[in-house]
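Worksheet: the structure to be examined is printed underneath.
We count ligands from 1, going down the list as the structure has it; atoms in each ligand are counted the same way. Note that these values count all heavy atoms, side chains included, but never hydrogens, waters or copies made by symmetry.
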Amino acid sequence: MNHSDQEFVDTAQLTQLLELQQFILGSIATGERFEHIIEQLCGLIGSMVPDASVSVMLLKQETEVLTLQAGPAFLTELLPYFETILPAGSDAVYVTDVASDSRLNGLREAVLRLSIGACWSIPIVSDEQEILGTLAVAFAGPQIPTPFHKRILETAAYAAAITIKNWRREQRLLQWSTVFDDANEGMYITGSDGSILDVNKAFTRITGYNLEEVHGNNPKMMSSERHDETFYKTMWGSINTTGKWQGEIWNRRKDGEIYPQWLSVSRIGNRQGQAYNYVAVFSDISLLKESEHKLFYLAHHDALTGLPNRLLMNARLEHVLGQAKRNPTCIAVMFIDLDRFKYVNDTYGHAQGDRVLINVAKRLRSLLREQDTIARIGGDEFVVILEGLAQSEDAANLAQKFIDALEQPFQLADNEVFVTPSIGITIFPEDGRTSEILLKNADIAMYRAKEQGRHGFSFYKSSMTDKVRERLSMETYLRRALERNQFELFYQPQVLAGSPEIVGVEALLRWHHPELGLVMPGDFIPILEETHLIESVGEWELSEACRKVRQWDEQGLPRVRLAVNLSARQMLPSSLGRNLGMILRVTGFDPRRLELEITEHSLMNEGERIVGLLEALGDLGVSLAIDDFGSGYSSLARLKRLPVQCLKIDSKLVRDVSVDASDQMICQAIVALGHSLGMRVIAEGVERSEQSRFLKSIKCDEFQGYLYGRPVPAFALEKMLREQANKSIPRASS
Ligand code: C2E
Ligand code: MG
Ligand code: MG
């Protein structure tokens with residue numbers, strides 16, 4: 001209020017002004033409608049300023065355009081002029097005479113045409129100096145405002161500002177409460193301590209809790225316990241530093257169901273980061289997730305068989321290859337095509353064909369491990385991805401299983417249908433490093449299988465196919481070899497250093513293959529091991545060798561020690577000890593003359609598993625020899641613990657021992673080590689006298705090798721023993 005103006009206002013006028021002010025404030029307080037208050041305000045001004053046409057114009061916040069809120073309609077036409085003469089200013093403008101006021105130059109004609117002689121405009125300004133609108137007063141003739149007029153208009157503008165502000169706040173509150181109540185999103189507000197103050201309807205719909213049940217509680221009461229502490233730490237870290245957090249979270253409904261939410265939490269507080277409230281808004285996204293999941297499933301699976309489709313197969317293959325590049329492993333990709341499947345469809349109809357396909361898929365799937373993928377990528381085409389193969393041959397084994405599994409006919413209503421597959425196999429990384437190349441090569445390999453008469457498999461590399469076929473046929477033959485008496489034991493003499501006397505023999509296995517002739521152990525022992533045939537073959541060997549040596553004893557031949565090789569796969573705690581005990585009893589063989597050879601390699605790899613068993617063998621009285629010693633890293637502690645009586649120096653060390661200084665040193669060390677542990681040391685693969693000379697010089701106890709005798713059939717060794725007996729060389733040991 002301007003002090004100088006005050007002097008011109010008398011007590012009666014002051015009372016009128018106060019009444020005006022109080023009327024407005026009272027109306028606001030009693031909740032009078034905004035439009036009504038403004039209209040009444042205009043009326044009151046009109047009654048206090050004679051002949052005035054009063055209007056209130058509001059500045060629309062969004063558009064910054066003035067609109068007439070109350071007052072005679074003709075004033076609307078004045079609006080454009082008010083805007084030009086009231087350019088965002090906060091001072092009152094009094095045009096006392098339109099006809100002469102220079103500010104109306106250019107506008108005068110138009111204003112006069114409205115029969116307006118004077119116009120005053122008083123800005124309505126908020127406490128924050130925001131212009132909310134204007135109070136406009138027009139007269140038919142020129143009019144100079146008195147101080148009282150000015151005071152009326154100032155008071156009225158002030159009251160209008162309060163009214164407008166109040167109205168706007170109400171509007172916003174109304175909007176907000178509508179938003180809060182009607183929103184589809186669940187909302188809750190908490191105090192600064194996190195306790196819930198208010199929730200909306202959607203909150204109750206989604207969570208199952210009403211306000212009474214959650215009021216005063218921490219939202220933690222709805223936690224699913226699916227997230228760990230770090231999750232909540234990160235969330236609160238973000239709220240405290242940036243003022244908000246948004247993300248997916250799992251919570252629990254009142255009925256216990258756990259469901260996913262999309263949640264936004266905002267902090268409401270002062271500039272110093274002090275929180276007054278937290279507002280949380282969330283949507284239940286369980287349906288979304290479910291349909292997303294369904295969509296994903298539909299997009300990635302074959303509707304008929306439920307197997308992954310080409311899209312998912314490609315994605316998996318990419319993934320598997322990506323992993324393999326970081327962590328090298330062997331991967332096989334198989335392309336399976338059913339032979340002449342068109343014939344099944346044409347003969348029995350597509351519905352029956354579909355049934356066959358479903359069952360083919362089931363049979364193939366049942367042969368795979370969880371981590372393997374089988375996808376249907378076309379009518380009768382499947383792709384299989386095998387990860388982490390030990391060797392590429394394993395893929396062939398599986399392909400053979402697929403072929404066998406489809407051997408059984410499929411039963412249709414009245415018919416039996418036979419389906420055979422042609423399978424192409426590619427191997428990562430040998431046959432390709434990218435999914436495109438692997439798939440292309442698998443396809444090529446599949447066509448090769450078709451060319452070779454269908455109903456079979458083919459590797460992309462034909463050498464691989466040959467190798468695997470050969471192996472598979474070996475396996476088939478091996479399964480019969482024992483019952484068909486195709487195995488034979490050869491014996492190789494072991495002699496004392498510096499003397500030709502045979503003190504022991506090592507039994508070595510040979511296989512008379514019906515087509516290939518004599519096969520050496522390196523070519524078939526691994527297959528025996530993998531197929532577990534080694535258990536029965538090993539048992540046969542032991543009893544055969546014991547029987548043979550006993551026979552020689554009975555013929556009065558020199559008594560020799562018997563060495564028999566044992567493979568780690570053979571050492572099953574359940575059977576070996578029992579079988580060996582029985583063999584010894586049945587043949588009457590002295591266990592002290594039996595030496596079981598296990599390689600240093602298998603002792604290292606399977607050590608812990610077989611230690612107990614080896615100790616049990618020791619209890620039977622038999623001794624152990626460590627075969628091919630010197631190339632691995634045996635644990636001395638373990639060596640000491642086992643009933644080991646002999647170290648056999650690896651033939652690789654013996655080969656150059658007469659010339660290679662480091663081999664010489666190693667051999668020397670082995671002899672010293674063996675002797676210090678009270679063991680005998682025997683050198684294998686002695687072919688030349690230089691080798692034997694050096695080995696004798698370092699006190700190696702015994703020799704075995706072509707220099708003294710190759711592995712020979714039993715009758716040939718028997719002959720050697722007989723000759724030795726005839727020469728009646730004095731016996732050194734028994
Ligand atoms: P090993 O036990 O180290 O047998 C010695 C191998 O060296 C034998 O090969 C033998 O013929 C060969 N050899 C002996 N003296 C010489 C020589 O002066 N020069 C050369 N170059 N080689 C010599 P073979 O019979 O082919 O056996 C190979 C391996 O197969 C054996 O190595 C053994 O680990 C395994 N094996 C042989 N028979 C059996 C068996 O009955 N059971 C088990 N589990 N494994 C066997
Ligand atoms: Mg051996
Ligand atoms: Mg050896």
Which N, O or S atoms belonging to the protein are less than 2.8 Å from the Mg ion (ligand 3)? Asp627 OD1, Asp628 OD1, Glu684 OE1, Glu684 OE2

Does an N or O from Leu509, backbone or side chain, lie closer than 3.5 Å to an N or O of ligand 1? yes

Measure from atom 39 (C) of ligand 1 to every heavy atom in Leu489, Asp523, Ile525 and give the option owning the shortest one. Ile525

Any idea which atoms of ligand 1 are less than 4.0 Å away from a heavy-atom of Glu687? 17 (C), 18 (O), 19 (N), 20 (C), 21 (N)

Counting both backbone and side chain atoms, is some N or O of Asn565 under 3.5 Å from an N or O of ligand 1? yes

For Ser543, side-chain contact (heavy atoms from CB on, under 4.5 Å) partners two or more places apart: Ile583

Glu506 OE2 and Asn565 OD1 subtending at the Mg ion (ligand 2) (10° steps): 90°

I'd like to check which ligand 1 atoms, numbered from 1 as shown, lie under 4.0 Å from a non-hydrogen atom of Pro711. 11 (O)

Return yes when Gly685 approaches ligand 1 closer than 4.0 angstrom through a heavy atom, no otherwise. yes

Enumerate the atoms of ligand 1 whose separation from the nearest heavy atom of Glu684 is less than 4.0 angstrom. 1 (P), 3 (O), 4 (O), 5 (C)

Sub-4.0 Å heavy-atom approach of Arg710 to ligand 1: no

Check if Ser651 has a non-hydrogen atom at a distance under 4.0 Å from any atom of ligand 1. no

Atoms of ligand 1, numbered as shown, that sit under 4.0 Å from any heavy atom of Pro521: 24 (P), 25 (O), 26 (O), 27 (O), 28 (C), 30 (O), 37 (C)

side-chain hydrogen bond (donor to acceptor under 3.5 Å, both in side chains) with Gln494: which of Glu702, Glu684, Arg561? Arg561

For Gln492, state whether at least one heavy atom is located under 4.0 Å from any atom of ligand 1. yes

Against heavy atoms of Glu597, which atoms of ligand 1 measure under 4.0 Å? 2 (O)

Using a cut-off of 6.0 Å, state whether more than 12 heavy atoms not belonging to Arg369 lie near its atom CZ. yes

Please confirm whether Arg510 comes within less than 3.5 Å of ligand 1 when only nitrogen or oxygen atoms on both sides are compared. yes

Gln408 CD: over 12 foreign heavy atoms closer than 6.0 Å: no

